[in-house]
Protein chains: 4
Amino acid sequence: MAVAKSRRAERGSEPVRTDGSVDRRAQLLASAAELFAAQGYAKTTVRDIGDRTGILAGSIYHHFSSKEAMLDEILREFLSGLHERFSAIEEREADPRRALSELIRTSFAAIHDTPHAVAVYQNESGNLAHRERFGYVADYSSRIEQLWIRVLTAGQASGVFRRDIDVKLAYLLIRDAVWSTVRWYRPGGQFPSETVADQYLELLYGGLL
Amino acid sequence: MAVAKSRRAERGSEPVRTDGSVDRRAQLLASAAELFAAQGYAKTTVRDIGDRTGILAGSIYHHFSSKEAMLDEILREFLSGLHERFSAIEEREADPRRALSELIRTSFAAIHDTPHAVAVYQNESGNLAHRERFGYVADYSSRIEQLWIRVLTAGQASGVFRRDIDVKLAYLLIRDAVWSTVRWYRPGGQFPSETVADQYLELLYGGLL
Amino acid sequence: MAVAKSRRAERGSEPVRTDGSVDRRAQLLASAAELFAAQGYAKTTVRDIGDRTGILAGSIYHHFSSKEAMLDEILREFLSGLHERFSAIEEREADPRRALSELIRTSFAAIHDTPHAVAVYQNESGNLAHRERFGYVADYSSRIEQLWIRVLTAGQASGVFRRDIDVKLAYLLIRDAVWSTVRWYRPGGQFPSETVADQYLELLYGGLL
Amino acid sequence: MAVAKSRRAERGSEPVRTDGSVDRRAQLLASAAELFAAQGYAKTTVRDIGDRTGILAGSIYHHFSSKEAMLDEILREFLSGLHERFSAIEEREADPRRALSELIRTSFAAIHDTPHAVAVYQNESGNLAHRERFGYVADYSSRIEQLWIRVLTAGQASGVFRRDIDVKLAYLLIRDAVWSTVRWYRPGGQFPSETVADQYLELLYGGLL
DNA sequence: GATGAATGAGCCTTCATTCAT
DNA sequence: CATGAATGAAGGCTCATTCAT
């Protein structure tokens, strides 16, 4: 649900409610995500967000209690949705290689669908670790890491993945390579999302040599 | 020269001049790099930098004309040094595989030696693209990319690297995987710098399967 | 219009809008003009202006983009109004002597009505010449000078004014003598505005002997 | 003595002492006067003065106890010298008309010889009235005014000056017209100092008609 | 005397947030 | 719900002044 809303917002189609009125809340969240992603959370002013949404800065506080609350909602929505989808894959796919491929393809899909949220997560999560309010960010990250590592470990156990590679390092390499694409990937750009996914999988599985 | 200074500063050994007096300029640069890396440039205040260096905020302006000038010097020093070392590798190593390995190992060494500068570059360069003053950042990045791509292309031409992988995508994957380690790598941590380099090279060359 | 607003503000009667609310913008402009006139622009702090108006310094930026913008508006309003009135006199009065008398009386009236703006112009215009933003100040000054000189020249041509006096020097003497009165003239003081005007005209026309 | 020093400084000839060394004190005073005149006291920084004199800002404090002390000395020297010369005229010239002419010519000479000091006095004296330290400024001004007014009154009594003009207003007109020329008079410019004096005297005595 | 680094106070401006209308 | 004016806390930077060398 939350994911669907986020997708709609990020992809730019006007968030319109069943009664025809514009959904200001979603609009604001979309503007905020875009600006946080482009300029960073600290450098984005509440006024920037208001301007882009077409209301005054003060009016934002009718929808969100603070600028931080917007960041919170963007991250929470993104992480819960991502975790949900990853969990579904783990449950569904018994084969480690197919599971890993699915995890990676789902990650690329998330980058394609909600690039702003992904960028915000990439750029801001590091500075949020010590903030009580954002404890869930580290929690989700940790749970997702454990999930991926279970898949990789299962693959090593079944002999489909190499055993001379440290599973944690393999996870970090894959994670960073995949999610970093948000910095340069542009929908409609040189490389379609699926092509990037295919090539990355090819390289990760087969190696460069 | 600049590189040596930067290393000294980043590794924490007191920057002392020949006359025994403390080199405040280098101290300030080190403090700034550390804080910029940890909290982001925007969130770091000039007072933070002064506090960590043990002087008042206003005194910083005896050594640097602005907060931005400090960011500028950190990035310029880092990028010029990195580009210099990469260029030396390209000239020295005729064999593409050995050249690529050297580029990667040198990158890991840079992360180990000047983690703050690397982190600052990773986190801030994106928002600096359109700033006239920081045009050199994009310039260096572009020149480094072209250098790496020449090596990768040479490797494909000589048959040592796979030809079914887009060379640009391969570059991006490697670059992002390598440089992202700055986010989690800690000297003296679980994985020594060389181990990370070895494992990453193994995985990149041979693949996961 | 602008003149009317300025007058009201300068003479101290509370600027009140039709809806009964106080016009903070006009209040601020009046406070600023008063302080700029009394202490100089450079020495006047934004906080001074806020204090005198009864708001915090930061709130000023709701109404003006900068301290300089306030100076700008004070000068622009004053000069445009003055030029307008001078131009009307030139068009209306064909007789050079009557025209000159009118110009002088109007100047004294301006000093009486908007003493702060006059003082600010007297004290600050010299340092503003080279500032792009304040180019209009020199423009207006020049146009006004040319206007006065046309009147004086016409008076010499028609034989009503002496021909052995350089017209430019006559202009400067009159201008400086008249406008300098802003430094000592006080409404309700020893000399009413009209008395000063009469005596000055008498002296200028007839001489001291 | 002080006057001689001031003149030398203002006219630009290197202040050199009998032992051949440069007189830094006089240099500093000259630089300060020039800058105070050009930019105003408040806007002139101690560093500006040091730069123009060729020493560091901090070194100024070996010669003057504060920036204010420089202003003080400039004004004190100027006013004492001026008062001295005016007093000499009053004592020497029994004829009111010749005395007034002398006062005026001496004023123009002061503007020619020490334009910076004159400008500083013109621009800053207004803001100094309430400062204990600068009480002498108002004292001198007052004594000079009384001196001029004695001359004017004597002229009226003897019938050489008109009696229908208020003597105070006449003084103010003459004073302001004369001293204001410092704002536009430039040595070597269109009008030589003596020409300005002659024309002003002509106009003041004979009138414009 | 001069230097250059440092101080400390203060300045202009920004900005998240509040609140009466 | 939105507006717009106001708040209050910083933030980057300037500058007169001090002082050890």
Side-chain angles (χ1 to χ4, degrees), chain A residues 21-22 24-25 28 41-50 53-70, chain B residues 19-25 27-28 41-50 53-70, chain C residues 19-25 27-28 42-50 53-70, chain D residues 21-25 28 41-50 53-70:
Chain A
S21 76
V22 179
R24 273 284 154 69
R25 207 160 183 292
L28 284 166
Y41 173 76
K43 232 195 140 187
T44 300
T45 71
V46 170
R47 200 174 158 183
D48 287 340
I49 300 169
T53 315
I55 65 174
L56 288 179
S59 305
I60 291 175
Y61 292 80
H62 284 290
H63 303 280
F64 297 93
S65 60
S66 67
K67 179 183 162 189
E68 206 175 73
M70 306 186 78
Chain B
D19 65 351
S21 76
V22 180
D23 186 345
R24 270 287 150 68
R25 206 161 182 289
Q27 282 184 325
L28 284 166
Y41 173 75
K43 232 196 140 189
T44 300
T45 73
V46 176
R47 282 174 178 87
D48 289 340
I49 300 171
T53 313
I55 63 174
L56 288 178
S59 305
I60 292 175
Y61 291 82
H62 246 281
H63 304 280
F64 298 93
S65 60
S66 66
K67 179 183 161 190
E68 204 176 78
M70 305 186 78
Chain C
D19 65 351
S21 76
V22 180
D23 186 346
R24 271 286 151 68
R25 206 161 183 290
Q27 281 184 325
L28 283 166
K43 230 197 142 187
T44 301
T45 73
V46 175
R47 206 170 156 185
D48 289 340
I49 301 171
T53 314
I55 64 174
L56 288 179
S59 305
I60 292 175
Y61 292 81
H62 247 281
H63 304 280
F64 297 94
S65 60
S66 67
K67 179 183 161 189
E68 205 176 76
M70 305 186 77
Chain D
S21 76
V22 180
D23 186 347
R24 272 284 153 68
R25 207 161 181 292
L28 284 166
Y41 173 75
K43 230 196 143 189
T44 299
T45 72
V46 170
R47 200 174 158 183
D48 287 340
I49 300 170
T53 314
I55 65 173
L56 288 179
S59 305
I60 292 174
Y61 291 81
H62 284 290
H63 303 280
F64 297 95
S65 61
S66 67
K67 179 183 161 188
E68 206 175 75
M70 305 185 78

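Scope of the values below: all heavy atoms of this structure, side chains included, with no hydrogens, waters or symmetry mates. Naming convention: chains lettered A, B, ... in sequence-line order (proteins, then strands); numbering from 1 in each chain.
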Might you point out which heavy atoms bring B:A57 and B:R47 nearest each other, and give the distance in Å? CB-CG, 3.7 Å
Below the 4.0 Å mark, does [N] have OP1 or OP2 next to a side-chain nitrogen or oxygen of [X]?
X: C:R47; N: E:dT13; value: no
X: B:H63; N: E:dG4; value: no
X: D:Y61; N: F:dT17; value: yes
X: B:S59; N: E:dT7; value: yes

What is the distance from [atom1] of [X] to [atom2] of [N], rounded to the nearest Å?
X: C:K43; N: F:dT14; atom1: NZ; atom2: C1'; result: 17 Å
X: D:L28; N: E:dG1; atom1: CG; atom2: P; result: 12 Å
X: D:F64; N: F:dT18; atom1: CZ; atom2: C1'; result: 18 Å
X: C:R24; N: E:dA20; atom1: CZ; atom2: C1'; result: 14 Å
X: A:H62; N: E:dT21; atom1: NE2; atom2: C1'; result: 11 Å
X: C:R25; N: F:dA5; atom1: CZ; atom2: C1'; result: 14 Å
X: B:M70; N: F:dC13; atom1: CE; atom2: P; result: 11 Å
X: A:K67; N: E:dC15; atom1: NZ; atom2: C1'; result: 8 Å

Is there a side-chain contact between A:M70 and A:I60, using heavy atoms and a 4.5 Å cut-off? yes
Output for pair (D:H63 NE2, D:T53 OG1), nearest 0.5 Å, gives 9.5 Å
How long is the straight-line distance from NE2 of B:H62 back to CG of B:L56, given to the nearest 0.5 Å? 12.0 Å
For D:S65 and for C:I60, find the nucleotide of DNA chain F with the closest heavy atom, then tell me which residue's nucleotide is more 5'. C:I60
Of B:G58 and C:E68, whose closest DNA chain E nucleotide lies nearer the 5' terminus? B:G58
In the structure shown, which nucleotide is the Watson-Crick or G-U wobble counterpart of E:dC12, with both distances under 3.5 Å? F:dG11
Residue matched to E:dT21 through Watson-Crick or wobble contacts both under 3.5 angstrom: F:dA2
Minimum-distance nucleotide (side-chain atoms of [X] versus [options]):
X: C:I55; options: F:dT7, F:dT17, F:dA2; value: F:dT7
X: C:T45; options: E:dC12, F:dA2, F:dT17; value: E:dC12
X: C:A57; options: F:dA16, E:dT13, F:dC1; value: E:dT13
X: A:L56; options: E:dT7, F:dT3, F:dC13; value: F:dT3

So, A:K43 side chain and B:Y41 main chain: donor-acceptor pair closer than 3.5 Å or not? no
So what does C:T53 hit on the nucleic acid, given a heavy-atom distance under 4.0 Å: a base, only sugar-phosphate, or nothing? nothing
